[in-house]
Amino acid sequence: MKLGASLAGLFGVGARKTENGSRVDDRFARGGNPVRELDLLLIWSAVGLLLLGLVMVYSASIAIAEGSRFTGYQSHYFVMRHAVFLAVGLGAGLVAFQLPMARWQQLAPALFVAGVVLLIVVLIPGVGREVNGAQRWLSLGPINLQPSELMKIFAALYAADYTVRKLDAMSSFKRGFLPMMTVILFVGFLLLREPDFGAFVVITTIAFGVLFLGGVNGRVFALLAIAAVIGFIILILSSPYRLERVLGFMDPWKDAFGKGYQLSHALIAFGRGEWFGVGLGGSVEKLFYLPEAHTDFLLAVIAEELGFVGVLAVVAGFAVIVQRAFAIGREAIKLERYYAGLVAQGIGLWLGVQSFINMGVNMGLLPTKGLTLPLMSFGGSGIVANCVALAILLRVDWEVRQLKRGSSA
């Protein structure tokens, strides 16, 4: 949906655009008691994935938790932590829902800067925590914060704000596109230093996807797509470990005990599951064969235990969430809530692209990347960020419904 040329005149040129100028927005800013008018299809799809994720994290992690000194040989170690993360995420989501979208727009630049600072801090030796050769976490007592997960939501908020402010310049490469590209490349540089190539792909997709939806020049975007493909190829060829992952993905059985180990066992899990699975808790691959079974490869365990039907249910759940995100975004844009609409669609892009990549990796359709399955995989920062994103999406939906009703909030 191209907004640039048609919206520039509405907002004016050069001024910072916010959505708290109208009488309706002032009512939102004062808060109020939300009415029970929310997208139930979106809510129940998200709740279903969250609950299924909780069950499957327990099933996928029970063996490794019982056999590890780190967990104190407690079978419920991971599921209890996941439940705590989920509770924190839901609490954070309730707080996020209370903020009107006008306030989120005001906070977007500061949040984005804070995210960049965290990405820098995590790279400081002795500050960032290194796990399996990647320095992606900040240790905060009993929990670990992963800044790249927070950066995904900050990127969606900032890209939407930037697009609305620069609507009059969207046809210009120098004034509209180049500043955002420079910022995202800097963020990408920090992510690749961790390294976190998967997060780089997702954040880049969010930022430039929002620019495209906001009306960036089509030729400029096409050139970006070509440059991005060339850049990713160069990044892969210049890094031995990334090249090994690509080669292992192309033929995992050639080195099934080496480069293709994870993928080969994920494919075995899919094969064992057939149509209806071997039954909940019956997975063999989770018994120390499939690494990261409760995080990156949770879908493989779902495929083995719940079969094709279980995988189809997960795919359907994410498809519904993405469809509703874009539908909510379109409704907001129709009502001239441009920032809110772009944020909603940015969140849809984020959850859609990340879930697609994770599923593709699990099924052997994409090279292995360190990306979790949103809403489902074990991981505190990811679950909290996902819950906050869904709360913001529901806030957009609620404000749209209030505007349609013409009622005071």
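Atoms considered below: every heavy atom in the structure, side chains included; atoms not considered: hydrogens, waters and symmetry mates. This is a predicted model, so every value here is computed, not measured.
Rounded to the nearest 0.5 Å, atoms CG (Leu38) and CD1 (Ile43) are 4.5 Å apart. For the atom pair CD1 (Ile302) and CG (Leu280), the distance works out to 10.5 Å, reported to the nearest 0.5 Å. For the atom pair OG of Ser61 and CD of Glu292, the computed distance is 12.0 Å after rounding to the nearest 0.5 Å. Leu349 CG to Gln354 CD: the interatomic distance, rounded to the nearest 0.5 Å, is 12.5 Å. For the atom pair CG (Leu393) and CG (Leu351), the distance works out to 8.0 Å, reported to the nearest 0.5 Å. Atoms CG and CG, on Leu145 and Leu140 in that order, are 5.5 Å from each other to the nearest 0.5 Å.
For the 3.5 Å distance criterion, the side chains of Ser148 and Glu194 fail to qualify, holding no donor opposite an acceptor.
Residues that satisfy the ring-ring contact (aromatic ring centres under 6.0 Å, His included) test with Phe208, not counting sequence neighbours, are Phe177. Applying the salt bridge (Lys or Arg N to Asp or Glu O under 4.0 Å) rule to Glu149 yields the partners Lys152; only residues at least two apart in sequence or on another chain are considered.
Residues Leu306 and Val314 have side chains not in contact (no heavy-atom distance under 4.5 Å, counting atoms from C-beta outward). You'll find the side chain of Trp104 stays beyond 4.5 Å of the side chain of Val343, heavy atoms only. Residues Pro179 and Tyr162 form a side-chain contact, since some pair of their non-hydrogen atoms from C-beta on lies under 4.5 Å apart. Considering only heavy atoms from C-beta on, Val113 stays 4.5 Å or farther from Tyr158 through its side chain. At a threshold of 4.5 Å between non-hydrogen side-chain atoms, the residues Ile392 and Ile347 count as touching. Proximity of Ser355 to Leu373: side-chain heavy atoms (C-beta onward) are separated by under 4.5 Å at one or more points. At least one side-chain heavy atom of Met151 sits under 4.5 Å from a side-chain heavy atom of Phe112. At least one side-chain heavy atom of Phe326 sits under 4.5 Å from a side-chain heavy atom of Leu213.
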Legend entry - Stepwise side chain to side chain contact (heavy atoms under 4.5 Å, CB included) test for Arg324 and Asp397: CA-CA 10 Å; Arg324 296 313 304 153; Asp397 177 51; 5.8 Å; no
Inset, instruction - I would like to know whether Val121 and Val117 meet side chain to side chain contact (heavy atoms under 4.5 Å, CB included); could you show each step before the answer? - result: CA-CA 6 Å; Val121 171; Val117 171; 4.1 Å; yes
Legend entry - Worked check of side chain to side chain contact (heavy atoms under 4.5 Å, CB included) between Met363 and Leu299: CA-CA 9 Å; Met363 297 177 188; Leu299 187 68; 4.1 Å; yes
Inset, instruction - Before giving the answer on side chain to side chain contact (heavy atoms under 4.5 Å, CB included), spell out for Glu304 and Leu290 the whole-Å C-alpha distance, their side-chain angles and the decisive distance to 0.1 Å. - result: CA-CA 12 Å; Glu304 187 176 3; Leu290 181 61; over 6 Å; no
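When all heavy atoms of Leu86 and Ile383 are compared, the pair lying nearest together is CA-CG2, 3.9 Å. Listed here is the closest heavy atom pair of Asn358 and Asp296: ND2-O, 3.0 Å. Closest of all the heavy-atom pairs between Gly346 and Val210 is CA-CG2, 3.8 Å. Counting all heavy atoms, side chain and backbone alike, Val122 lies closest to Arg136 at CG2-C, 3.5 Å. Here the shortest heavy-atom pairing between Asp161 and Ala108 reads CB-CB, 4.1 Å. Contact detail for Trp350 and Ala389: the closest heavy-atom pair is CZ3-CB, 3.3 Å.
Side-chain atoms of Ser381 come within 3.5 Å of backbone N or O of Gln146 as a donor-acceptor pair. With Lys286 contributing its side chain and Ala63 its backbone, the two residues share no donor-acceptor pair below 3.5 Å. In terms of modelled atom types and a separation under 3.5 Å, the side chain of Asn362 and the main chain of Ala300 share a donor-acceptor contact. No donor-acceptor pair under 3.5 Å is formed between the side chain of Tyr339 and the backbone N or O of Thr163. Checking side-chain atoms of Glu305 against main-chain N and O of Gly277 turns up no donor-acceptor pair under 3.5 Å.
At most 12 heavy atoms of other shown residues, nucleotides or ligands fall within 6.0 angstrom of atom CD1 in Ile64. Within a 6.0 Å radius of OH in Tyr261, more than 12 heavy atoms belonging to other residues, nucleotides or ligands are found.
A salt bridge links Lys404 with Glu331: the distance from a Lys NZ or Arg NE/NH1/NH2 to an Asp or Glu carboxylate oxygen falls below 4.0 Å.
Sorted by first then second residue, the ring-ring contact (aromatic ring centres under 6.0 Å, His included) pairs that include residues 289-325, not counting sequence neighbours, are Phe78-His294, His265-Tyr289, Trp275-Phe308, His294-Phe378.
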